[in-house]
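Some notes on the structure that comes next.
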Amino acid sequence: MPELPEVEILVRHLAPLLKGKKVRAVEVRRKKVLGRTREEELSRTLRGATFTDLTRRGKYLLFELRSPVQKNAVTLVGHLGMTGRMYLLAKNETLPKHAAVVLKLSEHQMVYEDARYFGRLTLERGGLDKLGPEPLGDEFTAQYFAAALKRSGQAIKVKLLDQTLVAGVGNIYASEALFRAGISPRRPANKLSATQTKVLVEKIREVLKEAIRFGSTVPLDYAGDSKKDRLFYYGGIDDESDFYQERLLVYDRRGQKCVRCRTPIKRLVQAARSTFYCPSCQRA
DNA sequence: CACCATGTTCCTTG
DNA sequence: CCAAGGAACATGGT
């Protein structure tokens, strides 16, 4: 579920539901997701604290809380990994099989579930410092990106996944942005022309904004059946409307005709991840 | 059974 | 020290 747009939508969804709510108890069901944070420390820190804000940095969720007793602000840092989800359930509803951490509020409980447990919910700030600029922010300019890409001969698709270059682009939107920019995923980063770099920056912003806009139109129901939870799945499942089908132009479309030129979409593996592209529109 | 999966980190090699 | 490649993490879907 998690690239920048999905995390952004989640933040917008949860922020108003959490603000002002107080944590009554913390239930850790899978210690692994705490990273180096000790379970006892997490409980002690969060119990009695009130959510004041929820923001995002790259693919990280930043929960801000204030504790009346300890009086200093606390940041709870979340990352959804590949399969993490967060949502509120009514107080005594049944928890899902892979609930990793549950924050008990007065009338609800905030569930962080993660089937593969690749995600994290911790008090560690580390990891955030290494992140590159926000792709939708002012610092992510063609000039910045050109300078950053110049230092590497690695394939541009692989560089797009490097969170220290730009924070929040993942495997799906990397393929989508390159397709829209008409750039081969194999192109060495330091061989992009100034024009290509500029177009790529624009397309990255465009594809992420579109995904956020798309997500904003879908009613969220995280607790529901995952097959119906379309927002956080890229599609190709079943009975998709045109609206859903048009969303991703190349991702997971190997063998299907390119929407622009009808050439079959190809799949290749880079850095152990799938890349989808049109061999005609995105020439080496 | 085989292969694939929205992410990140650690290890090895050069 | 750095870049690059690969395995590992853990579970589920097709």
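Each chain gets a letter, A, B and so on, in the order its sequence line appears, and its residues count up from 1.
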Expressed as a whole number of angstroms, how long is the span from [X]:[atom1] to [N]:[atom2]?
X: A:Leu248; N: B:dA5; atom1: CG; atom2: P; value: 14 Å
X: A:Leu268; N: C:dG5; atom1: CG; atom2: P; value: 13 Å
X: A:Leu165; N: C:dA4; atom1: CG; atom2: C1'; value: 15 Å
X: A:Ile172; N: B:dG7; atom1: CD1; atom2: C1'; value: 12 Å
X: A:Arg151; N: C:dA3; atom1: CZ; atom2: P; value: 8 Å
X: A:Arg253; N: B:dT6; atom1: CZ; atom2: C1'; value: 16 Å
X: A:Leu80; N: C:dA10; atom1: CG; atom2: P; value: 18 Å
X: A:Leu161; N: B:dT6; atom1: CG; atom2: C1'; value: 11 Å

With both distances kept under 3.5 Å, what pairs with B:dT6, Watson-Crick or G-U wobble?
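Partner of B:dT6: none found under 3.5 Å.
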Does C:dA10 pair with anything, Watson-Crick or G-U wobble, both distances under 3.5 Å, and if so, with which nucleotide?
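By the stated definition (distances under 3.5 Å), nothing pairs with C:dA10.
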Using a cut-off of strictly less than 4.0 Å, decide whether [X] has a side-chain nitrogen or oxygen near OP1 or OP2 of [N].
X: A:His79; N: B:dG7; answer: no
X: A:His98; N: C:dG12; answer: yes
X: A:Lys59; N: B:dT6; answer: no
X: A:Gln163; N: B:dG7; answer: no
X: A:Thr83; N: C:dG12; answer: no

Write down the atom of [X], the atom of [Y], and the distance for their closest heavy-atom approach.
X: A:Pro16; Y: A:Arg12; answer: CD-O, 3.2 Å
X: A:Val158; Y: A:Gln270; answer: CG2-CB, 3.9 Å
X: A:Val23; Y: A:Leu105; answer: CA-CD2, 4.0 Å
X: A:Leu136; Y: A:Lys209; answer: CD2-CG, 3.8 Å

What about A:Arg273: does its side chain form a donor-acceptor pair under 3.5 Å with the base of B:dA5?
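A donor-acceptor contact between them is absent.
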Identify whether any heavy atom of [X] sits under 4.0 Å from a base atom; if not, whether one sits that close to sugar-phosphate; answer base, sugar-phosphate or nothing.
X: A:Lys97; result: sugar-phosphate
X: A:Arg30; result: sugar-phosphate
X: A:Arg267; result: sugar-phosphate

Of A:Ala272 and A:Ser152, whose closest DNA chain C nucleotide lies nearer the 5' terminus?
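Taking each residue's closest nucleotide, the earlier one in sequence belongs to A:Ser152.
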Are the ring of A:Tyr117 and the base ring of C:dA10 both nearer than 5.5 Å at their centres and tilted by less than 30°?
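Check failed, A:Tyr117 does not stack on base of C:dA10.
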So, do A:Phe118 and B:dT8 meet the stacking rule of ring centres under 5.5 Å and planes under 30°?
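It does not: the two rings, one from A:Phe118 and one from B:dT8, miss the stacking criterion.
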Examine A:Arg30 relative to A:Tyr117 and say whether NZ or CZ is less than 6.0 Å from the centre of the six-membered ring and inside a 45° cone about the ring axis.
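Ring-cation test returns yes.
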For atom P, what is the distance between C:dA10 and B:dC11, given to the nearest Å?
15 Å
With DNA chain B as reference, determine whether A:Gly127 or A:Arg116 sits nearer its 5' end, using the nearest nucleotide of each.
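Final value for this comparison: A:Arg116.
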For A:Lys104, look at atom NZ and say whether over 12 heavy atoms of other residues, nucleotides or ligands are found less than 6.0 Å away.
yes
Looking at B:dC10, B:dT9, C:dC9, which one has an atom nearest to any side-chain atom of A:Tyr60?
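Shortest atom-to-atom distance from the side chain points to B:dT9.
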